[in-house]
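All heavy atoms count here, side chains included; hydrogens, waters and symmetry mates do not.
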Amino acid sequence: MNQYLNFSLEGKVALVTGASYGIGFAIASAFAEQGAKICFNDINQELVDKGMAAYAEKGIKAHGYVCDVTDEPAVQAMVATIEKEVGSVDILVNNAGIIRRIPMHEMEAADFRRVIDIDLNAPFIVSKAVLPAMMKKGHGKIINICSMMSELGRETVSAYAAAKGGLKMLTRNICSEYGEYNIQCNGIGPGYIATPQTAPLREKQADGSRHPFDSFICAKTPAGRWLDPQELTGPAVFLASEASNAVNGHILYVDGGILAYIGKQPK
């Protein structure tokens with residue numbers, strides 16, 4: 001196959017953090033369809049078991065690990081175990097993350113630090129753990145799940161926006177520092193995704209009208225709708241494959257056009 005058109009992940013070992021469900025699960029499943037061996041972690045055994053069952057239902061043989069991605073010794077131990085049981089990691093997706101929606105003047109510093117720890121420090125820790133093997137092999141792909149909040153501010157998400165803005169710059173710095181080893185580090189910035197977590201924001205109100213936030217998002221999105229998690233999988237496969245070997249330090253916003261759009265003029 002022409003190397004510039006090679007989207008195959010056959011035989012590659014992919015680690016997707018926090019991939020028991022949601023966006024991480026969708027991306028890992030797409031990688032499996034392209035031939036990758038799937039490894040994932042979550043914070044406790046219950047979530048790992050839930051993920052294992054979901055992958056098995058799709059016919060995917062996954063390897064699940066209980067690991068707190070903010071705990072550097074635990075991450076190093078998990079990566080070492082993956083290398084022994086599956087192989088060294090070729091593709092890393094830093095997907096695990098949290099958000100705290102609290103006005104900044106009401107937010108405790110401990111809450112701010114917790115978001116930064118999971119959404120920014122953890123991608124540093126996990127990337128650091130897989131980089132030596134990637135450098136030794138002379139190839140590797142790191143994909144950071146950024147956000148539109150890597151570019152925009154919004155009320156109540158000061159910690160999340162700070163973390164995702166930092167993750168954008170960490171992405172660019174990994175590119176700068178490790179590109180000479182044929183390691184590409186890029187980010188995906190999802191728009192507003194229709195997941196079980198956002199379902200309450202899309203439910204009809206008692207009077208039959210749309211939820212105000214639903215109306216707001218659809219009005220701000222040129223596509224006029226929420227996005228499906230599956231719509232992130234094509235970009236993720238591209239960034240994980242040899243087809244993207246010349247793409248490095250880039251944030252691919254999969255947002256239905258929100259960042260390009262000022263919104264409709266009021267009538």
Side-chain angles (χ1 to χ4, degrees), residues 17-24 41-44 46-47 50 67-72 74-75 93-127 144-173 187-207 209-221 225-227 229 232 251 253-256 258-264 266:
T17 66
S20 296
Y21 59 93
I23 290 172
N41 81 290
D42 224 310
I43 192 66
N44 58 48
E46 181 180 359
L47 285 172
K50 176 182 176 181
C67 181
D68 179 349
V69 287
T70 68
D71 182 338
E72 185 168 8
V75 168
V93 181
N94 284 308
N95 167 75
I98 63 169
I99 189 169
R100 293 282 186 268
R101 294 183 177 90
I102 306 169
M104 182 175 165
H105 69 283
E106 297 176 2
M107 179 176 255
E108 298 289 340
D111 288 327
F112 189 94
R113 291 191 188 102
R114 182 61 176 160
V115 174
I116 297 294
D117 205 22
I118 295 173
D119 293 4
L120 180 56
N121 290 342
F124 162 78
I125 289 169
V126 186
S127 297
N144 293 323
I145 302 302
C146 296
S147 168
M148 290 188 302
M149 297 302 109
S150 297
E151 299 289 344
L152 300 173
R154 188 171 176 273
E155 65 275 9
T156 76
V157 294
S158 58
Y160 185 78
K164 294 299 186 177
L167 186 57
K168 174 182 70 175
M169 293 311 301
L170 178 63
T171 300
R172 291 175 176 172
N173 202 79
I188 293 177
Y192 285 90
I193 309 297
T195 65
Q197 287 78 10
T198 60
L201 299 175
R202 291 177 280 110
E203 290 179 352
K204 295 288 186 181
Q205 303 299 284
D207 63 359
S209 64
R210 296 169 70 172
H211 191 288
F213 193 78
D214 182 24
S215 298
F216 168 71
I217 292 305
C218 291
K220 291 294 293 181
T221 307
R225 61 179 176 82
W226 292 67
L227 308 181
L232 298 172
I251 313 300
Y253 291 99
V254 186
D255 64 355
I258 290 179
L259 287 174
Y261 188 47
I262 196 171
K264 292 183 179 180

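Here the two rings, on F213 and Y192, have centers that are under 6.0 Å apart.
Side-chain N/O atoms of D42 and S20 include a donor and acceptor closer than 3.5 Å.
At least one side-chain heavy atom of I23 sits under 4.5 Å from a side-chain heavy atom of L232. In this structure the side chain of H211 never reaches within 4.5 angstrom of the side chain of E203, judged on heavy atoms. The side-chain heavy atoms of V115 and I98, taken from C-beta on, include a pair separated by under 4.5 Å. Inter-residue side-chain proximity for I145 and I188 is flagged as met; some heavy-atom pair is nearer than 4.5 Å. The shortest distance between side-chain heavy atoms of R210 and Q205 does not fall below 4.5 Å.
Rounding to the nearest 0.5 Å places CG of L47 at 6.0 Å from OH of Y21. Residue W226 holds its CH2 atom at 7.5 Å from SG of C218, rounded to the nearest 0.5 Å. Atoms CZ and CG, from F124 and N144 in turn, are 12.5 Å apart once rounded to the nearest 0.5 Å. Here the OG1 atom belonging to T156 is positioned 12.5 Å from the CE atom belonging to M104, to the nearest 0.5 angstrom. One distance of note links CD1 of I116 with NZ of K164; it measures 10.5 Å at 0.5 Å rounding. The distance from atom CE of M107 to atom OG of S158, rounded to the nearest 0.5 Å, is 5.0 Å.
The two residues T70 and I125 make their nearest non-hydrogen contact at O-CD1, 3.5 Å. A pairwise comparison of heavy atoms in N94 and S127 identifies ND2-OG, 3.1 Å as the closest pair. When every heavy atom of A96 is checked against every heavy atom of V69, the shortest pair comes out as CB-CG2, 4.2 Å. Here the closest heavy-atom approach between residue F112 and residue A162 is recorded as CZ-CB, 4.1 Å.
Remark: the backbone N or O of I258 is not paired with any side-chain donor or acceptor of T221 at under 3.5 angstrom. Under the 3.5 Å distance criterion, the side-chain polar atoms of D255 are left unmatched by any main-chain donor or acceptor of P190. Between the side chain of R202 and the main chain of T195, a donor-acceptor pair closer than 3.5 Å is present. Judged by distance alone, the side chain of T198 and the main-chain N or O of I193 form a donor-acceptor pair under 3.5 Å.
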task = Would you check, one step at a time, whether the test side-chain contact (heavy atoms from CB on, under 4.5 Å) holds for V75 with C67?
result = CA-CA 7 Å; V75 168; C67 181; 3.9 Å; yes

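Counting only residues at least two apart or in different chains, side chain to side chain donor-acceptor pair (under 3.5 Å) contacts with residues 100-125 comprise D117-N121.
Taking the side-chain contact (heavy atoms from CB on, under 4.5 Å) definition, one finds that I251 meets it with C146, K168, T171, Y253, sequence neighbours left out.
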